[in-house]
Amino acid sequence: MAKKEKLLGLLPQHLDPGEHVEVAVAGTYEIKMMGSDTVRSGILVATPRRLVFFAKKLGGFELESYPYENISS
(Lines give C-alpha, C1' and ligand atoms only; values in the text may rest on other atoms or scores of the structure.)
Protein backbone atom coordinates (compact mmCIF):
# COMPACT_ATOMS: atom_id res chain seq x y z
CA MET A 1 0.00 0.00 0.00
CA ALA A 2 2.81 2.42 0.84
CA LYS A 3 4.35 2.01 -2.61
CA LYS A 4 1.01 2.82 -4.23
CA GLU A 5 0.66 5.99 -2.16
CA LYS A 6 4.25 7.03 -2.90
CA LEU A 7 3.76 6.58 -6.66
CA LEU A 8 0.46 8.49 -6.51
CA GLY A 9 2.36 11.37 -4.88
CA LEU A 10 4.91 11.40 -7.73
CA LEU A 11 2.39 11.04 -10.57
CA PRO A 12 0.84 14.55 -10.81
CA GLN A 13 3.99 16.07 -12.32
CA HIS A 14 3.59 13.60 -15.21
CA LEU A 15 -0.09 14.37 -15.92
CA ASP A 16 -1.40 16.99 -18.32
CA PRO A 17 -2.56 20.35 -16.92
CA GLY A 18 -6.03 19.98 -15.42
CA GLU A 19 -5.84 16.17 -15.45
CA HIS A 20 -6.48 14.36 -12.17
CA VAL A 21 -6.61 10.82 -10.83
CA GLU A 22 -10.11 9.29 -10.66
CA VAL A 23 -9.04 5.89 -9.31
CA ALA A 24 -5.82 3.90 -8.94
CA VAL A 25 -4.85 0.29 -8.26
CA ALA A 26 -1.51 -1.40 -7.70
CA GLY A 27 -0.48 -3.76 -10.48
CA THR A 28 2.28 -5.23 -12.62
CA TYR A 29 3.31 -4.72 -16.21
CA GLU A 30 5.32 -7.10 -18.39
CA ILE A 31 8.13 -5.49 -20.37
CA LYS A 32 11.11 -6.62 -22.44
CA MET A 33 14.40 -5.61 -20.87
CA MET A 34 17.70 -6.49 -22.51
CA GLY A 35 16.05 -9.21 -24.58
CA SER A 36 14.14 -10.95 -21.81
CA ASP A 37 10.69 -10.59 -20.30
CA THR A 38 10.49 -8.96 -16.89
CA VAL A 39 7.70 -7.66 -14.67
CA ARG A 40 7.59 -4.10 -13.37
CA SER A 41 5.42 -3.19 -10.36
CA GLY A 42 3.51 0.08 -10.40
CA ILE A 43 0.06 1.61 -10.45
CA LEU A 44 -2.70 1.67 -13.04
CA VAL A 45 -4.48 5.01 -12.91
CA ALA A 46 -7.72 6.16 -14.53
CA THR A 47 -8.01 9.87 -15.32
CA PRO A 48 -10.90 11.50 -17.19
CA ARG A 49 -8.82 11.26 -20.41
CA ARG A 50 -6.85 8.01 -20.27
CA LEU A 51 -5.49 4.99 -18.41
CA VAL A 52 -1.90 5.36 -17.25
CA PHE A 53 0.51 2.72 -15.98
CA PHE A 54 3.16 4.43 -13.85
CA ALA A 55 6.21 2.75 -12.32
CA LYS A 56 9.52 3.76 -10.81
CA LYS A 57 12.61 2.33 -12.42
CA LEU A 58 16.30 2.74 -11.82
CA GLY A 59 17.12 6.31 -12.76
CA GLY A 60 13.58 7.55 -13.41
CA PHE A 61 10.03 6.55 -14.17
CA GLU A 62 8.13 4.54 -16.75
CA LEU A 63 4.79 5.83 -17.97
CA GLU A 64 2.55 4.06 -20.48
CA SER A 65 -0.51 6.02 -21.61
CA TYR A 66 -3.69 4.57 -23.12
CA PRO A 67 -6.21 7.18 -24.33
CA TYR A 68 -9.78 5.89 -23.98
CA GLU A 69 -10.49 6.35 -27.69
CA ASN A 70 -7.74 3.81 -28.44
CA ILE A 71 -9.16 1.11 -26.13
CA SER A 72 -11.55 -1.29 -27.84
CA SER A 73 -11.71 -4.22 -25.43
Would you confirm whether Lys57, through its side chain, and Arg40, through its main-chain N or O, come within 3.5 Å as a donor-acceptor pair?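 No; judged by distance alone, with no hydrogens or angles, the pair does not exist.
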Can you name the closest pair of heavy atoms from [X] and [Y] and give their distance?
X	Y	answer
Leu8	Ala24	CD2-CB, 3.8 Å
Arg49	Pro17	NH2-O, 3.4 Å
Ala26	Lys4	N-CD, 4.2 Å
Leu10	Phe61	CD1-CE2, 3.6 Å
Leu7	Gly42	CD1-CA, 3.8 Å

Using the rule side-chain hydrogen bond (donor to acceptor under 3.5 Å, both in side chains), only one of Glu19, Glu64, Glu69 pairs with Arg50; which is it?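 Checked Glu19, Glu64, Glu69 against Arg50; only one passes side-chain hydrogen bond (donor to acceptor under 3.5 Å, both in side chains): Glu19.
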Calculate, to the nearest 0.5 Å, the distance between atoms CD and CG belonging to Glu22 and Leu51 respectively.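 Reported to 0.5 Å precision, the distance equals 11.0 Å.
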Nearest 0.5 Å, what's the CG-OG1 distance between Leu44 and Thr28?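 That separation rounds to 10.5 Å.
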Hydrophobic clustering (ILVMFWY, side-chain heavy atoms < 4.5 Å, transitive) - are Ile71 and Phe53 grouped together?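 In one cluster: yes.
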In the structure I gave you, are the side-chain heavy atoms of [X] and [Y] within less than 4.5 Å of one another anywhere?
X	Y	value
Leu15	His20	no
Lys3	Lys56	no
Thr38	Glu30	no
Val21	Val52	no

